[in-house]
**Student:** 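After the structure tokens below, expect a handful of questions from me.
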There are 2 protein chains.
Amino acid sequence: MEIGNETGRAADNVVAALEAKIVSGELENESPLPAERELMEQFGTSRTVIREAISKLSSRGLVETRPRFRPIVRKPDYATVLHACGNVVQHLLTEKSGIKNLYDSRVFIERALVREAASSARKDDIVDLKSALEENRKAIPDSLEFYRTDVAFHGVLYRIPKNPIFPAIHEGYTSWLAPQWDRMLRSPERNEVNYIAHKAILDAILERDPGAAEEALTNHLKAAWEFVRVTFDWGDE
Amino acid sequence: MEIGNETGRAADNVVAALEAKIVSGELENESPLPAERELMEQFGTSRTVIREAISKLSSRGLVETRPRFRPIVRKPDYATVLHACGNVVQHLLTEKSGIKNLYDSRVFIERALVREAASSARKDDIVDLKSALEENRKAIPDSLEFYRTDVAFHGVLYRIPKNPIFPAIHEGYTSWLAPQWDRMLRSPERNEVNYIAHKAILDAILERDPGAAEEALTNHLKAAWEFVRVTFDWGDE
DNA sequence: AGCGCCTTTTGGTATGACCAAACTTTGATG
DNA sequence: CATCAAAGTTTGGTCATACCAAAAGGCGCT
């Protein structure tokens, strides 16, 4: 009866409707979705369709579903979107080449980020970098804490362009490449090496030398990859 | 009886099984999935969970579903993954700020790409660039063809790092930002301007001058954005 | 072979039922 | 009165069955 039902996909209407209600805030963020049986009455359709719609919303990151709980509404932001993509990306990381490609892309991005930082970081960016580096230094004895501050230091770089896409990408990299870092965690002797590398990057940024910053960053990440590669006992990539 | 069935998610088992069969090639790429009723017999489960599993596979880009057709197996590659992410990303592009952020990230990436091209493009890369530019020049009178060659020219840049992730990203940008380009298509007088910009970029690459290449690229994309912005009659971003 | 018609297959949807886990209410208890 | 455990209710996950319309496939006719 409803207009717009041309093609056989009843669930899409429900998806669109709920989608609208979520982005408009009519369905409040972080709050549970109405019960399926209520939705099916509300939309005048069967539970089959409702469930399929919820499944689609879930895979789009608009709701978060746990096995036996009510779905939770998630207003889309860059982080949840990247997280939703993670489910899709994971297939490409089962082979070494996929991981290598992803890591290389990270190196590529961060090279550009440190260039950007060196050429146009603002005062507060510099403050953030210094503070992140200091946290990093203090955490050298504690591998777990060092990992956290390591990620945080790189995270500051991703925030410098003031584009929310980049922090989201950073989250993607750290979560998708996390399994590899586990090995690094168990090698505390690497902490000081990595700290020194971070310091070299920051020094180059402070001197406003994009080339040096890029080189320092490249050396840092290449060394980290080499370490992981050897630890995993991979042949040459 | 099967191990790994701890948590109440029967569909996940089916997803995992089909997933494995797809990546292993047991389910041939580009060929249709078995019928739902056959799968339900094969897995000893109801059609409900089979359908849910197929829906999940679809949203992960492992199968492609058209409304009333058999799902088609799609072995995951970077392009299909990016395409699958497109459904998720679209929410962020409904506002101007989302488009602006995405476009800025593109500028950021391509700046790094042309630097890379200028500093380490190989002979065949140069050949590709020259040929793409020539195609671009010849297409100046035909806006539709010009658009195609324009995309192709930028695409060559994304292929230079020899990392399949970048061409996939390029596909993402071109498809996600396509609506904006429509306006550009109807302004053939822009074609020559854009061609000249492309030529300037290539010239800088040929001179192995990363800085000049980055600047030329930046000018090119900033101008294109400005044109779109004015045409759309947006205020300042 | 090419083409239109008819049968079968198959995806999309609707119902209704059942279970187990989550949630809510209730009521006994200290 | 606050606490907490038991009983009752809701609700997501699954199953079985049925029906429809469109796609696929077969069949006969030209």
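Order of the sequence lines fixes the chain letters, A, B, ..., with proteins taken first and strands second; residue numbering starts at 1 for each chain. Bear in mind that the values here come from a model prediction, so they are computed numbers and not experimental data.
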**Student:** Output the rounded distance in Å from CD (E41(A)) to P (dT15(C)).
**Tutor:**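 Whole-Å distance recorded here is 12 Å.
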**Student:** On DNA chain D, check which nucleotide each of F69(B) and P71(A) is closest to and give me the residue with the more 5' one.
**Tutor:** P71(A)
**Student:** Can you tell me how far C1' of dA23(D) sits from CZ of R66(B), to the nearest Å?
**Tutor:** 10 Å
**Student:** Within the sub-3.5 Å range, which N or O atoms of nucleotides 15-21 of chain D have a protein N or O partner, and how far apart are they?
**Tutor:**
from    : atom 1 : to     : atom 2 : distance (Å)
dC15(D) : OP1    : T45(B) : OG1    : 3.3
dC15(D) : OP2    : T45(B) : OG1    : 2.7
dC15(D) : OP2    : S46(B) : N      : 3.1
dC15(D) : OP2    : S46(B) : OG     : 2.7

**Student:** Rounded to the Å, how far apart are R9(B) CZ and dT14(D) C1'?
**Tutor:**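 Distance check: R9(B) CZ to dT14(D) C1' gives 12 Å.
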**Student:** Check every strand shown and say whether R51(A) touches a base, only sugar-phosphate, or nothing at a heavy-atom separation below 4.0 Å.
**Tutor:** base
**Student:** Tell me the salt bridge (Lys or Arg N to Asp or Glu O under 4.0 Å) pairs involving residues 157-175 of chain B, sequence neighbours left out?
**Tutor:**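 Output for this query lists D125(B)-K162(B).
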**Student:** How long is the span from the CD atom in E135(A) to the OG1 atom in T149(A), to the nearest 0.5 Å?
**Tutor:** 7.5 Å
**Student:** Can you measure from CG (N194(B)) to CD (E189(B)) and round to the nearest 0.5 angstrom?
**Tutor:** 10.5 Å
**Student:** To 10°, what angle do the rotation axes through the five end pairs on each side of the helix from dA1(C)-dT30(D) to dG30(C)-dC1(D) form?
**Tutor:**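 Result, rounded to 10 degrees: 20°.
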**Student:** Which distance, rounded to the nearest 0.5 Å, do you find between the CZ of R70(A) and the CD1 of I72(A)?
**Tutor:**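 If I round to the nearest 0.5 Å, the distance is 8.5 Å.
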**Student:** Would you please classify the geometry between the F153(B) ring and the H198(B) ring as parallel, tilted or perpendicular, with 30° and 60° separating the classes?
**Tutor:** parallel
**Student:** Round to the nearest Å and state the distance from I54(A) atom CD1 to dG13(D) atom C1'.
**Tutor:**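 Distance check: I54(A) CD1 to dG13(D) C1' gives 12 Å.
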**Student:** Specify the separation, in whole Å, of atom CD of Q42(A) and atom P of dT11(D).
**Tutor:** 13 Å
**Student:** Identify the residue among R74(B), K56(B), R60(B) that makes a salt bridge (charged side-chain N to carboxylate O under 4.0 Å, His left out) with E19(B).
**Tutor:** R60(B)
**Student:** Without decimals, in angstroms, what is the distance between E52(B) CD and dG11(C) P?
**Tutor:**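 Going from CD in E52(B) over to P in dG11(C) covers 17 Å.
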**Student:** Rounded to the nearest 0.5 Å, what separation is found between the CG atom of L18(A) and the CG atom of L62(A)?
**Tutor:** 9.5 Å
**Student:** Provide, to the nearest angstrom, the distance between the CG atom belonging to N13(A) and the P atom belonging to dA14(C).
**Tutor:**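 Checked: the CG to P distance equals 11 Å.
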**Student:** To the nearest 0.5 Å, tell me how far E38(B) CD sits from L33(B) CG.
**Tutor:** 9.5 Å
**Student:** Could you walk me through whether F43(A) and V49(A) pass the side chain to side chain contact (heavy atoms under 4.5 Å, CB included) test, one step at a time?
**Tutor:** CA-CA 10 Å; F43(A) 287 98; V49(A) 172; over 6 Å; no
**Student:** Using whole Å, report how far CZ of R70(A) lies from P of dG13(D).
**Tutor:** 12 Å
